[in-house]
There are 2 protein chains.
Amino acid sequence: MRRDIFQAIADPTRRAIITLIALQAMTPNALAENFNTTRQSVSKHLRILTECRLVKPEQQGREIYYSLDFEKMKEIDIWLEQLRQIWETRFNQLDSVLANLKKQTK
Amino acid sequence: MRRDIFQAIADPTRRAIITLIALQAMTPNALAENFNTTRQSVSKHLRILTECRLVKPEQQGREIYYSLDFEKMKEIDIWLEQLRQIWETRFNQLDSVLANLKKQTK
DNA sequence: TTTTTATGAAACCATTCGGTTGCAAATATA
DNA sequence: TATATTTGCAACCGAATGGTTTCATAAAAA
């Protein structure tokens, strides 16, 4: 069972859940009212989001409020930034690759 | 067939392909040599990446070089930025929500 | 106490996904 | 021309995914 942040945000309903609870913590029932799906379906999405630590449950009586852990979202930023650096320095790196090839074929 | 950028980057092999061709355009065969999978499997991943415009094929003789369209990656940035703004202003927005509730219950 | 409400979990189902195998088309090479 | 190479595509398969239905548990309300 792969359970990483990239797989978590692949589903449009889960992205919508993330957007909603970014504004304020919400219960599964309250969330479900915003989508054309059942509470159980939302509950399953919340489980996936919780398992990869994007979301944090907090029990209050018989209700459970789910809130976003925005720090976790930064893992996506990190991957993008890493890629951006490769992209921006690719000509230099290509130069060194070509230089190595030249040396080897001598 | 959902084919958006979020679904595209959900698969770890596709993320690795993106990282490799960020450095330089590559053929399916050359890419496949870097993974423990077949050329056909890489080919299917490339098709998915091409369909959501993350990757651009360029025919050269009988070879096809795939390159990254980094501009497309910025769609992820846009979503993250939008979310960041919601996150950072959530207390203000919560205030206005609560103000509205107060007005309605008067 | 009895009933209602909020929730998670398990079982099931149709669809999608990632991978492999086999084949056909197009280009390069002998 | 005959052969080898590079590639995409279709068919198939097992596993994962998203959704629904049903049930059990715990807390609040009547």
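Order of the sequence lines sets the chain letters (A, B, ...), proteins ahead of strands, with each chain counted from 1. Side-chain atoms are counted along with the backbone in the values below, which use heavy atoms only and exclude waters and symmetry mates. Just so we're clear, the structure is a prediction, and the values are computed from it rather than from any experiment.
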Output the rounded distance in Å from [atom1] ([X]) to [atom2] ([N]).
X	N	atom1	atom2	result
B:Glu58	D:dG8	CD	P	14 Å
A:Leu46	C:dA6	CG	C1'	13 Å
A:Asn36	D:dT20	CG	C1'	15 Å
A:Leu49	D:dG18	CG	C1'	13 Å
B:Phe6	C:dT16	CZ	P	21 Å
B:Arg47	D:dA11	CZ	P	12 Å
A:Glu63	C:dA6	CD	P	7 Å
A:Phe35	D:dG19	CZ	P	11 Å

Pairing residues for [X] by the side-chain hydrogen bond (donor to acceptor under 3.5 Å, both in side chains) criterion, not counting sequence neighbours:
X	value
B:Gln82	none
B:Arg39	none
A:Glu71	A:Lys74
B:Arg47	B:Glu51

Below 4.0 angstrom from OP1 or OP2 of [N], is there any side-chain N or O of [X]?
X	N	value
A:Asn29	C:dT7	yes
A:Ser41	D:dG18	no
B:His45	C:dC17	no
B:Arg3	C:dT16	no
A:Thr37	D:dG18	no
A:Thr38	D:dT21	no

Grab the N/O contacts between the protein and nucleotides 27-30 of chain D below 3.5 Å, and write none if there aren't any.
| residue | atom | partner | partner atom | Å |
| --- | --- | --- | --- | --- |
| D:dA27 | N3 | A:Arg62 | NH1 | 3.3 |

Distance-only donor-acceptor test, A:Lys44 side-chain atoms vs D:dG19 base atoms, 3.5 Å: yes
Base D:dG8 to side chain B:Arg39, donor-acceptor N/O within 3.5 Å cut-off: yes
Parallel, tilted or perpendicular: ring planes of A:Phe70 versus B:Trp87, cut at 30 and 60 degrees: parallel
Sugar-phosphate only, base, or nothing, as touched by B:Gln40 at under 4.0 Å among non-hydrogen atoms: base
Quick one: side chains of residues 26-37 of chain B, donor-acceptor pairs under 3.5 Å with protein atoms, not counting sequence neighbours, listed by atom name and distance.
| residue | atom | partner | partner atom | Å |
| --- | --- | --- | --- | --- |
| B:Thr27 | OG1 | B:Ala30 | N | 3.2 |
| B:Asn34 | ND2 | B:Ala30 | O | 2.9 |
| B:Thr37 | OG1 | B:Ser41 | OG | 2.9 |

Nearest non-hydrogen partners of A:Ile21 and A:Tyr66, listed with the distance: CG2-O, 3.6 Å
Contact summary for A:Leu46 and A:Thr50, nearest pair of heavy atoms: O-OG1, 2.6 Å
Closest to side chain of B:Pro28, choosing from D:dG8, D:dT17, C:dT7: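 Of the candidates, D:dG8 comes closest.
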